[in-house]
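Reminder, nothing fancy here: chain letters follow the sequence lines and each chain counts from 1.
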Number of protein chains: 2
Amino acid sequence: MTYESKPDWDAKDWQLLEALQRDARLGYAELGRKVRLSAPAVAERVKRLEEAGVITGYRAVVEPKRLGYGIDAMVRLRCDGGICARIGKIVENVPEVLDCRRLAGEDSALLRVVAMSITHLETVLDRLLKIHPSISTTTLIVLQTPHANRSITRTMWDAARTLSQD
Amino acid sequence: MTYESKPDWDAKDWQLLEALQRDARLGYAELGRKVRLSAPAVAERVKRLEEAGVITGYRAVVEPKRLGYGIDAMVRLRCDGGICARIGKIVENVPEVLDCRRLAGEDSALLRVVAMSITHLETVLDRLLKIHPSISTTTLIVLQTPHANRSITRTMWDAARTLSQD
DNA sequence: ATTGAAATTAGCGATTG
DNA sequence: CAATCGCTAATTTCAAT
């Protein structure tokens, strides 16, 4: 959580960022073509984005349904403070939990869970409930996902900037 | 939504899938080294995973906080059926909505929203509410994200398979 | 297995503060 | 003058046929 010295990204940095959010496997040469920069210059900029923690990694996007995970659910979870604080570590042992966020408010955490069937989902929920007696859950079945992990863009950033008036 | 003919992925396919979920920028040669396969063989397997819809893309993972988006929130949204059905298209015009899932149950949808400040979050919520009078929201502030987009792994798949007994 | 392209390193030149 | 940035060139590695 330390401050970086370079909070300003120019138009080409944003172009690279957007291109890599769209397709993380683009090579430096091709990126350079899009952005009108040589491959080494692109590599340099991308490295700076990585080192500044703006880009934290590159991931293949996998469709769970195609692997047999027909169920996608969001699980609202309530529990006592002591357990809450450890929920991140605890759910590491439950691989069907793909996301885990701790929340302010009534719900302590919100999980995204995938399962191969309702029966499977049931066993995952049982496993979560058995972690501690203070835990209770509310399960919301995802019917469809119109948007997942949309890109952060420069135009979006600009609009927010002008909103904040500075 | 059509069925593919090849529901069986072997150990090497899984290794490739896991490697690419960890680092989508690995080249075929390096993947081949990890998996003990030639580069062309790797390329073919990856292409098959893509064509089967198991891998749907490759994305750079961006940390919104590093771009000034200090607020991360989950927004539960309720609305009438007619609007609900269109919610995916509607929130396309609200770039701060990074995820949008339609749900079964009381809440019609669950959004993930990023914002640069509480004021900014307020304007985003106002924008959502102005879409239609029937819309109401509940906003949950994310305090931390212990896990985001965890990988789907072969050991996880195996365990689920044995659970389902077939 | 071969051929063309891409990544990487190093060194140089231009621009800026 | 120092620092930053991007380019070319040359070697090695990779991708694709």
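Under the 4.5 Å side-chain criterion, counting only non-hydrogen atoms from C-beta, A:W14 is in contact with A:E18.
A salt bridge links A:D158 to A:R154: one of the charged nitrogens lies within less than 4.0 Å of a carboxylate oxygen.
For A:V142, the side-chain contact (heavy atoms from CB on, under 4.5 Å) partners two or more places apart in sequence, or in a different chain, are A:D72, A:M74, A:T145, B:R101, B:L103.
Between the A:T123 side chain and the A:H120 main chain, a donor and an acceptor come within less than 3.5 Å of each other. Proximity of a side-chain donor or acceptor of B:W157 to a complementary backbone N or O of A:L67 within less than 3.5 Å is detected. A donor-acceptor pair is defined here as one N or O able to donate and one able to accept, closer than 3.5 Å; no such pair exists between the side chain of B:R76 and the backbone of B:L111. Under the 3.5 Å distance criterion, the side-chain polar atoms of A:D10 are matched with a main-chain donor or acceptor of A:K12.
Protein atom CG of A:L37 is 12 Å distant from nucleotide atom P of D:dC5, rounded to whole Å. One can place NZ of B:K47 at 15 Å from P of D:dA15, the figure rounded to the nearest angstrom. The CD atom of A:E44 sits 12 Å away from the C1' atom of C:dT9 (whole-angstrom rounding).
For the residue pair A:R78 / A:S108, no side-chain donor-acceptor distance below 3.5 Å is found, with atom types taken as modelled. B:Q21 and B:Y58 form no side-chain donor-acceptor contact under 3.5 Å, judged by distance and modelled atom types alone.
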Under-3.5 Å N/O pairs linking protein and nucleotides 13-17 of chain C:
none

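Of the candidate nucleotides D:dG6, D:dA15, D:dT17, D:dT17 has the atom nearest to the side chain of B:P40. Distance from the side chain of A:R48 is smallest to D:dC5 among D:dC5, D:dA15, D:dC7.
Direction of the helix axis in the helix from C:dA1-D:dT17 to C:dG17-D:dC1 shifts by 30° between the two five-pair termini, rounded to 10°.
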All N/O donor-acceptor pairs, side-chain side in residues 80-92 of chain B, below 3.5 Å, sequence neighbours left out:
| residue | atom | partner | partner atom | Å |
| --- | --- | --- | --- | --- |
| B:R86 | NE | B:G82 | O | 3.4 |
| B:R86 | NH2 | B:G82 | O | 3.3 |

Using atom types as modelled, flag every donor-acceptor pair under 3.5 Å from a side chain in residues 25-33 of chain B to any protein atom, sequence neighbours excluded.
| residue | atom | partner | partner atom | Å |
| --- | --- | --- | --- | --- |
| B:R25 | NH1 | A:A24 | O | 2.6 |
| B:R25 | NH1 | A:L26 | O | 2.7 |
| B:R25 | NH2 | A:L26 | O | 3.2 |

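Along DNA chain D, the nucleotide nearest to A:A41 and the one nearest to A:R25 differ in position, and the one closer to the 5' end is contacted by A:A41.
Residues from residues 26-35 of chain A that place a heavy atom under 4.0 Å from any atom of DNA chain C, listed by number: A:G27, A:Y28, A:A29, A:R33.
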